[in-house]
Amino acid sequence: MAYDLKEKLVVAISSRALFDLEEENRLFEKKGIEEYYRHQIEREREVLKPGAAFGFVKNLLRINRHFPQRLIEVIVLSRNNAATGLRIRRSIEHYGLEIERAGWTAGRPISRYLRAFDVDLFLSAHAEDVQEAVDAGVAAARIIPRRYKKRKRKDVRIAFDGDAVLFSDASERIYKKKGLEAFLKHERENAQKPLPEGPFAKLLKVLSRIQERFPMEKAPITTALITARNFSTFERVMRTFDAWGVRVDEAFFLGGVEKERVVEAFGADIFFDDQDVHLKGTSRKTPSAQVPYRRQETSRPKRSHKQAKRKK
């Protein structure tokens, strides 16, 4: 019987997001693909250092220890040639990561394979792959490559921006076009109306279903909303989460205050935001990933078999 990914939380990640491959990436940009492949094959026994999303993945996979059947699947999807996968596999085994699935596209776009693996979240340092994934309706973010200190905490802490991440960018467009007062007036007038879903709304719902399996104080996942919104928009946001049937453990309405220190204080394993102006600061000490805007607004994509089955 084939292994079914439809009932799992599936995270696809590029090798450069999981491991520190910045030296190798510079070699590729400077000397080309042949030299890059030779470098990787010659060093196949050298273990790679953890990358920006390593801690997030390690803590996420630890959740599987609570259940007889795995709830979390992490899949390495890389533009590398399959021959370079030997070094990646050796590094995965060295760190004891329970990753059993991988795909190597030899430079071709990864986005076409995301739905084939029922991916809920795609993380990559390659901006084009991330943009194509978002355009296809998959939650995806461009990880900012950087090495971080190892954290001893065992739970997973995930922080999200609001508009254009959890929520659509409809309200944000009002702010950009008409200013703060018009935005606040619009949110007060629509306080009883849930915000439209953004690219990461479905991911939050999947995470909430995992949280529901545990007592609140023992859940291995902690989520936070860290938004530049003013506190006067609190009601609409909370009613939105209630309408979605999700739980967000912590929420911070910063009213324009810099996010960096709040994200750091929360201790996020990863922080998702759509604006580089915030990520430039948060990425200094916290793994951070940029969520691009969808390039074209088309009709809502049909639900995958996974989404249809979950709703029943």
Side-chain angles (χ1 to χ4, degrees), residues 3-5 7-25 40-41 43-105 110 113-114 116-126 129-130 139-158 203 206-207 210 220-222 267-272 286-289:
Y3 191 78
D4 189 2
L5 293 171
E7 291 300 315
K8 317 289 185 183
L9 168 60
V10 181
V11 177
I13 188 167
S14 72
S15 54
R16 188 177 160 206
L18 184 60
F19 296 113
D20 182 357
L21 285 163
E22 294 316 292
E23 178 185 344
E24 287 77 3
N25 188 62
Q40 290 288 63
I41 292 170
R43 290 163 176 76
E44 70 169 82
R45 293 188 176 276
E46 294 182 14
V47 174
L48 292 161
K49 291 182 171 60
F54 180 89
F56 168 67
V57 167
K58 184 176 182 179
N59 286 342
L60 198 62
L61 285 170
R62 190 180 281 115
I63 294 173
N64 287 327
R65 299 177 185 178
H66 295 277
F67 302 98
Q69 293 185 332
R70 295 165 63 92
L71 286 181
I72 315 292
E73 291 290 345
V74 175
I75 301 170
V76 174
L77 286 181
S78 173
R79 280 180 173 253
N80 281 329
N81 183 290
T84 68
L86 291 171
R87 191 180 185 192
I88 303 300
R89 183 64 217 172
R90 184 174 297 277
S91 299
I92 287 172
E93 291 174 344
H94 171 81
Y95 292 109
L97 300 178
E98 297 176 348
I99 298 176
E100 300 298 334
R101 291 163 186 82
W104 312 92
T105 69
I110 289 173
Y113 298 103
L114 297 179
F117 283 105
D118 289 297
V119 169
D120 292 294
L121 171 65
F122 174 53
L123 295 175
S124 174
H126 194 276
D129 278 335
V130 171
R142 178 183 59 82
I143 198 82
I144 298 173
R146 191 165 289 183
R147 199 184 301 171
Y148 295 94
K149 292 181 180 179
K150 183 179 179 181
R151 300 181 187 227
K152 295 183 179 180
R153 193 188 62 248
K154 293 183 178 180
D155 65 326
V156 183
R157 298 198 171 197
I158 307 172
L203 174 64
V206 175
L207 293 171
I210 295 175
I221 300 175
T222 303
D269 288 295
I270 195 164
F271 171 59
F272 297 103
T286 301
S288 302

Kindly compute the distance separating [atom1] ([X]) from [atom2] ([Y]), expressed to the nearest 0.5 Å.
| X | Y | atom1 | atom2 | result |
| --- | --- | --- | --- | --- |
| Ile270 | Tyr148 | CD1 | OH | 9.5 Å |
| Arg45 | Ser91 | CZ | OG | 12.5 Å |
| Ile221 | Ile210 | CD1 | CD1 | 4.5 Å |
| Leu77 | Arg101 | CG | CZ | 12.0 Å |
| Asp118 | Glu7 | CG | CD | 10.0 Å |

Closest heavy-atom pair and its distance - [X], [Y]:
| X | Y | answer |
| --- | --- | --- |
| Ala125 | Pro145 | CB-CG, 3.9 Å |
| Pro220 | His66 | CB-NE2, 4.3 Å |
| Leu114 | Ala12 | CD2-CB, 4.2 Å |
| Phe122 | Val130 | CE2-N, 4.2 Å |
| Ile143 | Ala17 | CG2-CB, 3.5 Å |

Do [X] and [Y] touch side chain to side chain, with heavy atoms closer than 4.5 Å?
| X | Y | answer |
| --- | --- | --- |
| Leu48 | Ile88 | yes |
| Tyr95 | Val57 | no |
| Phe272 | Leu123 | yes |
| Val206 | Leu121 | no |
| Val74 | Leu61 | yes |
| Leu21 | Gln40 | yes |
| Leu9 | Ile63 | no |
| Ile13 | Ile99 | no |

Using atom types as modelled and distance alone, determine if a side-chain donor or acceptor of [X] lies under 3.5 Å from a backbone N or O of [Y].
| X | Y | result |
| --- | --- | --- |
| Asp120 | Val11 | no |
| Ser124 | His126 | yes |
| Asp269 | Ile158 | no |
| Arg79 | Ile110 | no |
| Arg87 | Arg43 | yes |
| Asn64 | Leu71 | yes |

State whether Arg70 and Glu98 are salt-bridged, where the test is any N-O pair (Lys NZ or Arg NE/NH1/NH2 against Asp/Glu carboxylate O) under 4.0 Å.
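A salt bridge is present here (some side-chain N lies under 4.0 Å from a carboxylate O).
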Please work out whether the ring planes of Phe54 and Phe19 are parallel, tilted or perpendicular, with thresholds of 30° and 60°.
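If you compare the ring of Phe54 with that of Phe19, the planes turn out tilted.
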Identify, with sequence neighbours excluded, every residue that meets side chain to side chain donor-acceptor pair (under 3.5 Å) alongside Glu22.
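With neighbours one apart ignored, the set is Arg16.
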Check side chain to side chain donor-acceptor pair (under 3.5 Å) between Ser15 and all other residues, then give those that pass, not counting sequence neighbours.
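Testing Ser15 for side chain to side chain donor-acceptor pair (under 3.5 Å), a comparison that skips the adjacent residues, returns Ser78, Asn80.
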Any chance you could lay out the side-chain contact (heavy atoms from CB on, under 4.5 Å) test for Leu5 and Ile75, step after step, and finish with the verdict?
CA-CA 11 Å; Leu5 293 171; Ile75 301 170; 4.2 Å; yes
